[in-house]
Amino acid sequence: MYDENVERVLISKESIEKRTAELAARITEEYRGKRLIMICVLTGAMVFFADLIRKIDLPIEVDTIVASSYGAGMTTSGSVRISKDIKYDISGKSVILVEDIIDTGVTLKTLTKMLATRAPESLKVCSLLDKPSRRKVDFEGDYVGFKIPDEFVVGYGLDYAEKYRNLPEVCTLKPQGK
Ligand code: PRP
């Protein structure tokens with residue numbers, strides 16, 4: 001699963017597991033008695049989502065959504081559309097959107113704006129990673145695992161050209177590896 005383009009481990013398995021448990025404990029505490037639905041933003045968040053929901057000690061519903069950005073390149077171009085919508089009605093429910101990374105903020109800004117029109121009781125965002133220095137639009141996650149510098153990261157769900165999603169930790173990629 002590793003190759004010569006993987007540079008170094010940025011966040012270890014142990015750190016991810018510890019931080020995920022902390023976030024799950026906060027969510028468990030804050031959503032007790034609520035109708036909580038957790039939505040995985042595919043594909044990158046799938047690994048984090050699978051670990052996070054198994055640490056939440058509440059009855060929850062789960063759903064998935066796919067957002068696609070127009071334009072080529074390694075960054076979000078500025079225009080995002082929903083290419084696969086959620087299955088369930090979220091009106092009156094407490095919603096947590098789960099992401100792997102907040103980069104420019106464009107994806108989550110768009111998704112939260114769209115989902116907010118469907119009358120959820122509340123709508124929050126949980127992201128494993130956050131790169132605040134890359135923001136193009138004003139957006140803050142409610143539950144954030146790690147703030148990271150502006151380095152290209154792969155692993156634990158994050159890809160480069162669909163590779164490396166199965167690495168068990170978050171790693172940096174060598175600049176020449178991209
Ligand atoms: C990544 C990531 C977020 C988005 C963040 O998805 O999973 O959804 O980009 O970037 P932004 O804050 O600049 O909008 P990507 O489009 O790479 O798809 P993937 O989840 O299928 O890897």
Side-chain angles (χ1 to χ4, degrees), residues 1-3 5-7 9-11 15-16 19-20 23-24 27 37-53 62-87 90 95-118 120 123-175 177-178:
M1 65 180 99
Y2 296 90
D3 64 19
N5 295 320
V6 176
E7 189 175 47
V9 174
L10 185 68
I11 309 173
S15 304
I16 294 171
R19 188 70 184 123
T20 303
L23 294 174
I27 291 170
I37 180 162
M38 301 196 60
I39 301 174
C40 177
V41 185
L42 295 173
T43 303
M46 60 189 288
V47 179
F48 175 50
F49 187 81
D51 283 343
L52 180 71
I53 62 170
V62 301
D63 207 337
T64 59
I65 196 165
V66 181
S68 309
S69 54
Y70 290 113
M74 297 213 317
T75 61
T76 306
S77 60
S79 177
V80 172
R81 73 185 172 90
I82 312 301
S83 52
K84 185 237 159 255
D85 206 341
I86 50 174
K87 284 196 295 194
I90 57 169
V95 179
I96 300 180
L97 262 182
V98 180
E99 259 292 18
D100 53 347
I101 188 162
I102 311 171
D103 188 36
T104 65
V106 171
T107 303
L108 282 169
K109 186 102 182 175
T110 307
L111 287 182
T112 52
K113 207 169 158 188
M114 188 277 289
L115 292 173
T117 64
R118 300 183 190 179
L123 175 57
K124 291 202 174 176
V125 166
C126 177
S127 181
L128 176 70
L129 306 174
D130 184 8
K131 273 188 193 173
S133 63
R134 297 254 320 147
R135 220 58 109 243
K136 282 189 190 155
V137 294
D138 192 25
F139 188 85
E140 287 300 321
D142 301 286
Y143 303 93
V144 170
F146 302 91
K147 291 198 192 250
I148 60 168
D150 185 14
E151 288 188 90
F152 197 86
V153 287
V154 295
Y156 200 71
L158 291 104
D159 75 312
Y160 175 64
E162 295 303 327
K163 282 173 67 184
Y164 309 113
R165 292 199 198 270
N166 57 329
L167 304 188
E169 57 266 294
V170 176
C171 298
T172 59
L173 208 59
K174 287 178 190 161
K178 292 185 255 168

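Remember, it's 1-based here, ligands and their atoms both numbered in the order they're listed.
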Colleague: Suppose I only count heavy atoms of Thr104 and a 4.0 Å limit; which atoms of ligand 1 are within that range?
Modeller: 11 (P), 12 (O), 13 (O), 14 (O)
Colleague: Heavy atoms, side chains only, cut-off 4.5 Å: are Pro175 and Glu7 in contact?
Modeller: yes
Colleague: Could you see which bit of Thr43 sits under 4.0 Å from ligand 1, with heavy atoms only: side chain, backbone, both or neither?
Modeller: both
Colleague: Out of all atoms in ligand 1, which are within 4.0 Å of some heavy atom of Glu99? Include the element for each.
Modeller: 2 (C), 3 (C), 7 (O), 8 (O)
Colleague: Nearest heavy atom to atom 12 (O) of ligand 1: which of Gly105, Ala161, Gly157, Ala45 does it belong to?
Modeller: Gly105
Colleague: Under the side-chain hydrogen bond (donor to acceptor under 3.5 Å, both in side chains) rule, collect the residues that match up with Ser15, sequence neighbours excluded.
Modeller: Ser12
Colleague: Relative to ligand 1, is Val80 under 4.0 angstrom through side chain, backbone, both or neither, heavy atoms considered?
Modeller: neither
Colleague: Check the side chains of Tyr160 and Asn5 for a donor-acceptor pair under 3.5 angstrom, ignoring hydrogens and angles.
Modeller: no
Colleague: Between the side chain of Lys109 and the main-chain N/O of Thr104, is any donor-acceptor distance below 3.5 Å?
Modeller: no
Colleague: Salt-bridge test for Asp63 and Lys87: reply yes if a basic N is under 4.0 Å from a carboxylate O, no otherwise.
Modeller: no
Colleague: State which residue, out of Asp103, Val144, Leu158, fulfils the side chain to side chain contact (heavy atoms under 4.5 Å, CB included) condition with Leu129.
Modeller: Leu158
Colleague: Give yes if a backbone or side-chain nitrogen or oxygen of Ile101 is under 3.5 Å from a nitrogen or oxygen of ligand 1, and no if not.
Modeller: no
Colleague: Among the heavy atoms of Leu42, does any lie under 4.0 Å from an atom of ligand 1?
Modeller: yes
Colleague: Can you tell me which portion of Lys131 lies within the under-4.0 Å heavy-atom range of ligand 1? Options are side chain, backbone, both, or neither.
Modeller: neither
Colleague: Work out whether the distance between some heavy atom of Ala67 and some atom of ligand 1 is less than 4.0 Å.
Modeller: no
Colleague: Hey, which atoms in ligand 1 end up nearer than 4.0 Å to a heavy atom of Asp159?
Modeller: 22 (O)
Colleague: Does some side-chain heavy atom of Glu99 sit less than 4.5 Å from a side-chain heavy atom of Thr107?
Modeller: yes
Colleague: May I ask you to check whether Gly44 has an N/O atom sitting below 3.5 Å from an N/O atom of ligand 1?
Modeller: yes
Colleague: Under 4.0 angstrom from ligand 1, any heavy atom of Arg165?
Modeller: yes
Colleague: Check each atom of ligand 1 against the heavy atoms of Val106 and keep those under 4.0 Å away; list them by number with element.
Modeller: 12 (O), 14 (O)
Colleague: Name all residues meeting the side-chain hydrogen bond (donor to acceptor under 3.5 Å, both in side chains) criterion together with Asp85; count only those two or more places apart in sequence or in a different chain, and write none if there are none.
Modeller: Arg118
